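Order of the sequence lines sets the chain letters (A, B, ...), proteins ahead of strands, with each chain counted from 1. Keep in mind the model is a prediction, meaning the values are calculated, not measured.
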Amino acid sequence: MSDQKRLFLVDAYALIFRGYYAFIKNPRINSKGEDTSAIMGFMNSLLDVIKRERPDHLAVCFDKGGSSDRVEMYEAYKANRDETPEGIRTAVPHIHNILKAMHIPILEKEGYEADDIIGTLSRQAEKEGYKVFMVTPDKDFAQLVTDNIFMYKPVFGGGYETWGIPEVKKKFEVEKPEQVIDFLGMMGDSSDNIPGLPGVGEKTAKKFINQFGSMEGLLANTDQLKGKMKEKIEANGELGVLSKELARIMLDVPVTFDAKDFELDHPDIEKVKEIFQDLEFRRLTENFIKTFNGNGETTVATPTETNKTENKPTPKKPQSAGAGQFSLFGGGDNNDGEETNQYVRKTAETTSHFYQSVASVMATKLFVKNLLNQTSVCFDTETTSINPLQAELVGIAFSWEAGKGFYVPFPEDKNEAQILIEEFRPFFEDENIEKIGQNLKYDIKVLAKYNIEVKGKLFDTMLAHYLINPDMRHNMDVLAETYLNYTPISITELIGKKGKNQLSMRDVPIEKQTEYAVEDADITLQLKEHFEKELGEANTQKLFDEIEVPLLRVLASMELEGINLDIEFLNALAEELNDDIQNLEQKIYDEAGEEFNIASPKQLGVILFEKLKLVDKPKKTKTGQYSTAEDVLSYLAKDHEIVQHILDYRGLSKLKSTYVDALPNQVEPHTGRVHTDYMQTVAATGRLSSNNPNLQNIPIRTERGRQVRKAFIPRDENYTLLAADYSQIELRIIAALSKEETMIEAFRNGEDIHASTASKVFNVPISEVTREQRGNAKTVNFGIIYGVSAFGLSNQTNLTRSESKELIDTYYATYPKLRIYIQDQVDFARDNGYVQTVLGRRRYLKDINSRNAVVRGAAERNAVNAPIQGSAADIIKIAMIRIHDKLKAGKFKSKMLLQVHDELVFDIYRPELEDMKVLIKTEMENAYKLEVPLDVELDIGDNWLEAH
DNA sequence: CGGACCACCTA
DNA sequence: GTAGGTGGTCCGG
């Protein structure tokens, strides 16, 4: 490598955007509520470049005020870009400050884009004998590449590519880099709103360049084209020329390359530290100090190099692999998840590991012996299906030491598989060995089918992370990337995309199964170390050990149990519905004067508002369609028969498709019952959710809808269904937490809380409260739980905005402590960045200090609602665990089947009925002690409708 | 065939 | 105004 001087020109916004979106699923929010993702992403990249390349000259270029020249040429230029996200706008001043403190020149020029500045400077520096590297992911820069000017392009997944002339020629299939302009002009760029030639994409553009050399060449020779393409291109020649000019990076910006100014000298470290401290960057501070203070030996941990090219700016240091076989993996580079360089991720290929399959009978016996000597083991089952009821074991991975693990493949033959799993029974049923896993409910259900019970302490990393940050997603890939800076082998790599050609895990070669499965177990084990600490720090260890983990077993058994469904009844109901739907359909067509698809809001909107012109100014949805939502239509229903028919039609079709038709198809053939899947980690407040099918939204409000509930029936004639409901649990919680005596007293006296509220706010005796008054009071009571606003209230009632405001004011005067409580919750959230439930379940509210009033308002409503909804969830979870344990301990035949947020449904063995009534009511009402009594109503019946 | 959007079901 | 899930249409790869 020559000692030619090297200049690095950084395309700031490109790296800022990249950094910002890299963190988009897990934005970095500091305690002041600032979204620092963009700053962190940008600084990670900048330091990474400096550490890797040690440039002697460096500058950072920003766009400023958009490109006036290009807009003049074409006014739509970049017009369809979304508004810059708030997280990026707020980041830029910080980044400017940091760069200033680092003594790095910031280049921007009103009316020019960073591309143009970089283009101009690179040419100037080249003339002065520099080698120039343009740091940007944007392929448009390829047009600027020369013998001395290179693109230095961050690559997804980590590392960089250096693009010189040979790379550009290869990537774009051009003869020389300038032709990239023609290429971009032809295919266009939707993000920059460069129109391009119609009908020309990447492939065609390459073909044309190859054939004609340039845009002009193409336009001059359209006679060689044929068909539609010929017509389109001939008609759009002007657009083509314009597109080319838009794609061209300018080289004549009034900026000057000043070698001295661009020298990368020593930054003002104290100043940078101060800024970082203010932003609460801890790891980045260390990283920064190491980069500038240190000896430069701190090379990036284990970069994944892709496409090594001849033009590498500096020879790379040999990578310092860890000394021991397992030391690299999860060793010193223990990332705490707080800051992660999104571009440099470890993978199985870059990390040393020892994963082995256990194949022979002898090896298995030895392995189990070893397993039984452990105190804590992570395991992960591989199966043929994501539905545990249909899944067969393909293998089980085990790991108890980071970087190391074993895989036991299972035979396809069921008897042989059962024989093999019996070898592991002593392990799974050992009370003294802790079992670690990701989504253990799944593994427990699979093993239950083999009659294996998983005993002992459990640690589920998915649940742990749910408590650490319920708003995030908790799949293993995301967790590994966030906390371990590691990209696991993707399942699609193994079995392909889902669809026709997807393989079963069984079809994957054992070696690959081993790598994949043990990696999962290994990662899960490493995540556990991480999360254990974080649970302690957030004080949620107890919630984890005493609620979520025990609940996992409860849910597994409820799901395995399933519920009996009367399919014949549903089929009969379907027939009835079908007749009614067809009748309505005919009436609607007659009234509309034509046939159309009533289920298509688009077509419906045209009929109602263009053909029939039911309204002067129809309401539109945000996408510009006519809104045909329920509230809009029900307003018109009394004047227009067709509208009422449409509403009825929609109601009935929904009922039929979602419930009456769908449920019988969800009956599990093996058991003849319906097995829902409870999601324990999706609702940010701590509630469960239910799917496949969702049994938490079976209709009840309308007479027609509630018929569906008749289809949920007891196991057989020896059983009956029992439903147990918490009465007004959320209002009781807010009364208790706010210590609002008036409301507490009403509950203690067993009053109808909505009537009681109405009596107080409308100042009438409780016996004289009208239906409407009670209704309005009820709406406000719920409004309080959801985080009131006069606007929302007036939408829900027939009150005007000002009447609503008055009602809310009177309400607060009646229940003064509620207002104080609500304010306290919001204040707490502002100060701490989170709110919590009675059991300390947290929800972080990153927007609570947002400058945007709408965004902040939403966070404030969350601050009020999350502790209420979440505490109710906590309480019913306690009740479920206790009831489940008692049913098991007492060897009762009765089973808990369903949970619907404030209701539990049981299959009761008739002889146990009286015992069960007492047990269930007692456990539910005493699950958690509040200053307000909890009240549970029990109902019994031969189907879910009767039992409610 | 997957994702966005709309509509509608629950607590 | 809170928290979820599912089914239908429509559009684009």
Side-chain angles (χ1 to χ4, degrees), chain A residues 190 201 470-471 497-501 596-605 620-634 646-647 649-663 665-666 676-679 681-702 704-706 708-709 725-730 734 779-797 804 808 822 835 843 854 857-870 872-873 876 898-903 948:
Chain A
S190 57
D471 277 286
K497 288 217 189 295
K498 68 171 159 187
K500 46 185 165 42
N501 295 324
F596 64 101
N597 187 345
I598 308 168
S600 162
K602 200 176 158 179
Q603 293 180 32
L604 180 60
K620 299 273 186 84
T621 67
K622 61 184 169 195
T623 46
Q625 311 268 320
Y626 297 114
S627 170
T628 63
E630 207 266 346
D631 57 338
V632 176
L633 295 197
S634 55
I646 288 164
L647 287 172
Y649 172 91
R650 283 212 293 226
L652 295 186
S653 329
K654 172 75 181 176
L655 202 58
K656 184 166 185 290
S657 64
T658 310
Y659 304 103
V660 181
D661 290 346
L663 283 171
N665 294 326
Q666 309 258 19
T676 186
D677 192 2
Y678 287 107
M679 300 282 124
T681 60
V682 300
T685 51
R687 275 191 178 182
L688 300 176
S689 81
S690 155
N691 60 24
N692 297 310
N694 182 353
L695 296 186
Q696 290 181 323
N697 72 345
I698 303 301
I700 191 161
R701 293 200 220 273
T702 65
R704 209 66 195 272
R706 62 200 305 174
V708 175
R709 296 200 167 217
D725 276 62
Y726 278 110
S727 158
Q728 305 297 351
I729 188 166
E730 295 190 348
I734 200 170
T779 309
V780 188
N781 276 334
F782 276 104
I784 293 295
I785 292 169
Y786 296 152
V788 260
S789 75
F791 176 76
L793 187 61
S794 64
N795 271 345
Q796 290 290 307
T797 60
S804 298
I808 292 170
I822 288 169
V835 287
R843 180 166 185 192
V854 177
E860 288 170 356
R861 289 192 294 276
N862 281 324
V864 178
N865 176 259
I868 308 297
Q869 193 182 115
I876 197 168
L898 305 177
Q899 189 251 42
V900 192
H901 309 308
D902 63 0
E903 171 187 6
H948 201 289

Closest listed nucleotide, where the reference is the side chain of A:I700 and the choices are B:dT10, B:dA7, C:dA3: B:dT10
With sugar-phosphate meaning primed atoms plus P, OP1 and OP2, does A:R706 contact a base, only sugar-phosphate, or nothing at under 4.0 Å between heavy atoms? nothing
Where the side chain of A:L647 is concerned, which of C:dG5, C:dG8, B:dC8 is the nearest nucleotide? B:dC8
Look at the side chain of A:R687 and decide which nucleotide, out of C:dA3, B:dC9, C:dG1, has an atom nearest to it. C:dA3
Between A:Y726 (side chain) and A:A872 (backbone), is there a donor-acceptor pair under 3.5 Å? no
Is there a side-chain contact between A:Q666 and A:L695, using heavy atoms and a 4.5 Å cut-off? no
Protein-nucleotide distance (A:R843, atom CZ; C:dT2, atom C1'), rounded to Å: 9 Å
A:N697 side-chain proximity, nearest of C:dG4, B:dA7, C:dG8: C:dG4
Of the candidates B:dT10, B:dA11, C:dT6, the side chain of A:D902 sits closest to B:dA11
Report the nucleotide, chosen from B:dC5, B:dT10, B:dA7, that has the shortest atom-to-atom distance to any side-chain atom of A:R701. B:dT10
With sugar-phosphate meaning primed atoms plus P, OP1 and OP2, does A:N692 contact a base, only sugar-phosphate, or nothing at under 4.0 Å between heavy atoms? sugar-phosphate
Assess whether one donor atom and one acceptor atom, taken from the side chain of A:Q869 and the base of C:dT2, lie less than 3.5 Å apart. yes
For A:E630, answer base if it contacts any base atom (sugar-phosphate contacts may also be present), sugar-phosphate if it contacts only those atoms, and nothing otherwise; contact means non-hydrogen atoms under 4.0 Å. sugar-phosphate
Pick base, sugar-phosphate or nothing for A:V864, based on heavy-atom distances below 4.0 Å to the nucleic acid. nothing
